[in-house]
Amino acid sequence: MGGYIPSTVLQQEEMLKEAGFSSMKDLYRDVPEALKLQKELNLPKGMSELETARTMRRLAGKNKVYDSVFRGAGAYRHYIPAIVKSVVNKEEFVTAYTPYQAEISQGVLQSIFEYQTMICELTGMDVANASVYDGAVAAAEAISMCRTPKKKKVFVSAGIHPDTLKVIRTYSWAASEEVVVLPLKDGLTDLSGLDSEASCVYVQQPNYYGVIEDLKDIAEKAHALGLQVIAGMEPFAMCLLETPAECGVDIAVGEGQPLGMPLSFGGPYLGFMAATTKMMRKLPGRIVGETEDTEGRRAFVLTLQAREQHIRREKASSNICSNEALCAMTAAVYLAAMGPEGMKNAASQCYAKAHYLAAELEKSGLKRCFEADFFNEFVTECADPEGLLARLDEKGILGGLPVENGILWCATELNSKEEIDALVKEVSA
Amino acid sequence: MKTLFERSVKGRSCAILPELDVPACLPERTRKQALRLPELSETDISRHYTELAGQTFGVNDGFYPLGSCTMKYNPKINEQTAALEGFADVHPLQDNVQGCLEVLATAEKYLCEITGMDAMTFQPAAGAHGELTGLMLIKRYHELHGNTARNKIIVPDSAHGTNPASSAMCGFTVVNIPSAEDGCVDLAKLREACGEDTAGLMLTNPNTLGIFDKHIREITDIVHEAGGLCYYDGANLNAVMGIARPGDMGFDCIHLNLHKSFSTPHGGGGPGSGPVGCKSFLAPYLPGKKVVCEDGRYAWQDRGPESIGAVRSFHGNFLVVIKAFTYLLSLGREGVPAVAQNAVLNANYLKHLLEGTYEVTNKGVCMHEFVLTLEREKKEIGVSAMDIAKALQDYDMHPPTMYFPLNVHEALMVEPTETESKETLDAAAAAFLEIYAKAKADPEAMHHTPYNSPITRPDEVKAARHPVLRYQFDD
Ligand SMILES: Cc1ncc(COP(=O)(O)O)c(C=O)c1O
C-alpha cells in the first residue's frame with residue numbers, strides 16, 4: 001500500500017519538473033525498453049499496517065512455542081534479562097550503519113570495544129574481532145586463518161556440530177583444502193590419526209554430544225605436530241571449565257547466541273572469534289581500536305583495516321563487511337547484566353541441572369551413552385525416540401534431539417526442578 | 001566517556017537468577033583464570049547505553065545518504081512482527097513450524113518474482129556472504145561440467161571491495177577490468193578478458209556510479225558466449241525493483257541485501273541477510289535445505305548431492321527475513337516499483353540541486369545514487385572529500401560514502417533513498433552548498449571539521465600502529 005514515501009504526488013511532480021523529467025517513466029530513459037518489465041509484478045496488493053500486523057500474527061500463530069525446552073544442539077534457550085532488549089532496541093543502535101564516521105559513531109564503536117574486551121575475558125585470549133555471521137562461519141574463518149599454500153589439509157573432530165562440519169567442508173572445498181574427520185572414541189575425539197601435514201585441528205568444547213573434551217591434551221598433541229589449534233567454545237562452559245587460553249588454544253571461536261539472543265528459528269546469531277596476539281592481523285572482519293582525537297580525548301575507530309576487503313580487495317584476508325554488530329551488543333549487555341558472579345552461577349546451574357536431569361532420566365531407564373563428564377548436554381539411549389518425543393510434545397515439552405543411537409538432551413538455568421521432574425514423569429509413564 | 005569496566009564497582013550486581021533448586025555439583029577441572037566482567041547495577045547499564053546511544057547517529061536521527069548502503073527508513077512494524085514469540089522463541093531444530101516455513105517459501109516466491117530468478121536460499125547472513133555463496137554455485141557448475149580450467153572471475157574496477165575479496169575466498173583468480181570513460185563496462189576490455197579460463201563476471205547494475213549500463217544484455221551475452229556465468233551484486237536493486245529484473249538482463253545468480261533494498265535495519269553493522277537467488281540450472285547447487293509445499297503443508301527437503309553444502313548453521317538470519325517479508329507485504333505489487341521510482345527521483349532531484357556547484361561524475365540521468373568528485377577542489381584549495389564529509393556532520397546529517405568507488409578520485413557517493421522528503425533534500429542541498437562556499441572562503445577551517453560532534457577527528461594511524469583492541473585493566 002505505502003512504500004514509506006513521504007513526498008506527495010504534487011511534490012513528486014514538482015521535483016520531476018525541476019530536475020528536467022516529464023514523468024516517472026522518463027527517469028528510466030537509460031534502461032533499454034526491451035528489458036523493462038512489461039507487466040505488474042505477480043505479488044499481492046500492498047497492505048495497510050493493520051492488515052500486515054494481522055497477517056504476520058496469524059503466521060506466527062502457526063508455530064509452536066513450547067513451555068519447556070530440553071533441546072539445544074547448537075541453539076539454546078536461556079533467560080534473557082529485561083535490560084538486554086531495552087538497550088538493544090534503542091533506535092540509534094538499531095538503525096545506524098557500520099561506524100565508518102567515527103566522530104558520530106562513538107556509541108557503536110565503544111560498545112564493540114567493550115564487547116571485544118568481554119570476549120577476551122571469556123576466552124582468556126589476547127584479541128577478539130567485532131563478530132562474524134555465526135559460530136559455524138567463525139570456525140570456517142578460523143581455519144582460513146591457519147591455511148598456508150603448503151598446508152591444504154585440516155583435521156576436524158567428528159564431535160563438532162553437524163552444521164559446522166558442513167560449513168567447514170563447503171569453505172574448504174572452495175579453497176581446495178582437504179578436510180579429514182577424526183573419529184570419536186567413547187564420545188571423545190580420537191587423536192591417533194593426527195599428522196603434521198595439516199595446518200590445524202578444529203575441535204568443539206563441550207562437543208556436540210555434550211562431552212567435555214580434554215582440550216589441554218588435544219592442544220599439546222597437536223602443537224607437538226606443528227598444528228594450530230582451534231576450539232569452538234560454548235560461552236557458559238568457558239566460565240566454568242578451563243579457558244581455551246589455559247588449554248593453549250591458538251584461536252577460540254564459538255556461537256554467541258546463548259548470550260542474550262532468543263532462539264529465533266536459527267538467527268540472527270553471533271559468531272565470536274578470539275586469538276593470540278600473534279594471529280591478530282589474520283583475524284577476519286571488523287576490529288575496533290582505541291586512539292585519541294585531535295584534542296587528545298579517548299576515541300574509538302575501526303582499525304587494522306589493511307586486512308580488509310575495501311582496502312586490499314582480492315588480497316584481503318576475508319570478505320566480511322556487514323557482520324552481527326547488534327548481536328555483539330546484545331551479548332555485551334547480557335554479560336554486563338549477569339556480571340562475573342552471575343555468569344559463573346548460570347554456568348554452574350546449567351551444569352548442575354543437566355546432571356540432575358541425567359541422573360533422573362537414568363532412573364527412568366534412559367542410560368547415558370558416554371561415560372565421560374559433560375557440561376549441559378548429554379546423549380541417552382532410547383528405544384523409541386519418536387514415540388517419546390511425541391508424548392512430550394503433547395504436554396508442551398520440546399524433548400531432546402534424536403541423534404544416532406539415542407537422544408541429545410539439554411538443560412539450562414531456565415529449566416526448573418519442577419519442569420525437569422515433569423519431563424521425567426512423562427518419560428517413566 | 002567511561003567504559004563499562006570503569007563504571008564497575010566490586011560487589012555490585014543485578015539479581016537475575018533464582019537460587020539453584022537441584023543438588024550442586026562441579027566438573028573436575030575448572031577455570032582458574034580471572035573473569036573480569038563489569039559489576040554493575042541495572043541503573044548503571046541503562047545510563048551507560050543511553051549515553052552511548054546519544055553518541056550514535058542512526059536513520060531515525062536524520063538524513064543518511066550513505067551511498068551504496070541504501071539507508072532507508074526502517075519501519076517499526078517490521079521490528080514488531082520479528083519480535084512475535086511465534087517467530088522469536090522457536091527452536092531451529094523443532095517441528096511444528098508451519099508459519100516459519102510459509103514465510104520462507106513465500107518470501108522466496110516474491111523475491112524470485114522481483115529478481116527474475118527461479119530459486120533462492122536464505123542461508124547467507126550478509127551481502128558479502130551471499131557473494132561467496134553465489135560464486136560457489138558458479139564454481140560447482142564448472143566443476144560438474146568438467147571445466148576445471150575456468151578459474152577466473154572478471155570484476156570491473158568500480159566494484160565493491162567484497163566482490164574481488166569473495167572471489168579470492170572462493171579460490172578464483174580475479175581479473176580486474178578498467179571501466180570505460182562513462183563509468184560503464186568497457187565492452188572491448190571485457191571481450192579481451194573473456195576466454196577459456198573465464199568462470200564468470202561479477203557486476204553491479206546500476207553500477208556504483210549510479211548508472212544503468214545500457215549494454216547490459218551485450219555484457220551478459222559476451223560472458224555467456226565465452227562459457228562464463230554472470231553474477232549480479234544486488235546491492236543496488238532499490239533503483240530498479242519492479243522496473244527491470246536481473247534475470248531478464250541475463251544474470252544467472254544474484255545476492256540481495258535485505259538490509260538495504262528491503263528496509264531491514266543495519267544494527268550498527270549487522271545482522272543483515274544476503275539471500276542468493278539463481279536460475280533453475282543452478283538451483284541443485286544451492287546450500288541448505290529447501291522448503292516445499294504439498295497439499296498446503298510445508299516441509300523441509302534436502303537439495304541433493306550436488307548442493308555445495310552449507311554456508312551457515314540452520315536457516316540463516318531468519319528474523320531479518322521476517323522483517324523484509326513484512327515490508328514486502330506492506331509494499332505489494334504497486335509499492336515495489338513506487339519505491340524504486342521515488343529512490344531514483346530523489347537522487348536525480350538532489351543531484352540537480354548540487355550540480356551547478358559540485359562536480360558530478362554522471363552528467364546524464366542517475367539511478368538511485370550519484371557520485372561527486374572533489375578532485376579539482378583537492379588540487380586547487382586542498383579541500384578533500386573527507387573534509388566535506390566531516391563538515392556535513394555539523395549539519396545534522398550523516399555524510400555520504402567517501403572514497404568509493406575507487407575509479408573516481410576524491411569521491412563522495414550520495415544515495416538519498418525514497419523515504420526522504422523534498423524538505424529534507426532541500427535542506428541537505430542547502431548544507432552542501434553552504435559548506436562549499438565556506439570551503440572556498442576558508443579552506444584551512446575545513447580540515448578541522450566537524451566542530452560539533454562528540455569527538456574531533458580520531459588518529460587512525462596511531463590506532464593501527466599501536467593497536468589497543470581491548471580495555472586494559474590496572475591489575
Ligand atoms: C555494492 C556492494 N556490494 C556488496 C556489499 C556487501 O554487503 P554486506 O555489507 O552486507 O556484506 C556492499 C555493502 O556495502 C555494497 O555496497
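Residue numbers start from 1 in every chain, and the chains themselves are labelled A, B, ... in the order their sequence lines are given, proteins ahead of strands.
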State whether a side-chain donor-acceptor pair under 3.5 Å links Asn317(B) with Tyr269(A).
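No, no side-chain donor-acceptor pair sits under 3.5 Å.
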
Does a donor on one side chain sit under 3.5 Å from an acceptor on the other, for Asp89(B) and Asn63(A)?
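Note: Asp89(B) and Asn63(A) side chains miss the donor-acceptor criterion.
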
Contact check, side chains of Arg245(B) and Leu37(A), non-hydrogen atoms, under 4.5 Å:
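Yes, at least one pair of side-chain atoms sits under 4.5 Å.
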
For a 4.5 angstrom cut-off between non-hydrogen side-chain atoms, does Ser86(A) reach Tyr49(B)?
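Sidechains of Tyr49(B) and Ser86(A): no contact.
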
Heavy-atom pair with the smallest gap, counting every atom of Glu113(B) and Glu40(A):
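Minimum heavy-atom separation between Glu113(B) and Glu40(A): OE2-O, 4.3 Å.
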
Taking all non-hydrogen atoms of both residues, which atom of Glu103(A) and which atom of Pro458(B) are closest, and how far apart?
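Closest approach of Glu103(A) to Pro458(B), heavy atoms only: OE2-CD, 3.5 Å.
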
Part of [X] within contact of chain B (heavy atom distance under 4.5 Å):
X	result
Ala34(A)	neither
Ile287(A)	side chain
Thr303(A)	side chain
Arg313(A)	both

Of the backbone (N, CA, C, O) and the side chain (C-beta and beyond), which part of Ser167(B) lies under 4.5 Å from a heavy atom of chain A, both, or neither?
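For Ser167(B), neither part sits under 4.5 Å from chain A.
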
Side chain / backbone / both / neither for Ser263(B) at chain A, heavy atoms under 4.5 Å
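Contact with chain A involves no heavy atom of Ser263(B) at all.
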
Between Asp95(B) and Lys64(A), is there a side-chain N and carboxylate O pair less than 4.0 Å apart?
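Lys64(A) and Asp95(B): not salt-bridged.
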
Does the distance from a Lys or Arg side-chain N to an Asp or Glu carboxylate O, for Glu292(A) and Lys462(B), drop under 4.0 Å?
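A salt bridge links Glu292(A) with Lys462(B).
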
Mutual orientation of the aromatic rings belonging to Phe314(B) and His161(A) [parallel < 30°, tilted 30-60°, perpendicular > 60°]
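Geometry flag for His161(A) against Phe314(B): perpendicular rings.
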
Sequence neighbours left out, what passes side chain to side chain contact (heavy atoms under 4.5 Å, CB included) with Glu91(A)? Give chain and number order.
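By the side chain to side chain contact (heavy atoms under 4.5 Å, CB included) rule, Glu91(A) matches Asn60(B), Lys76(B).
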
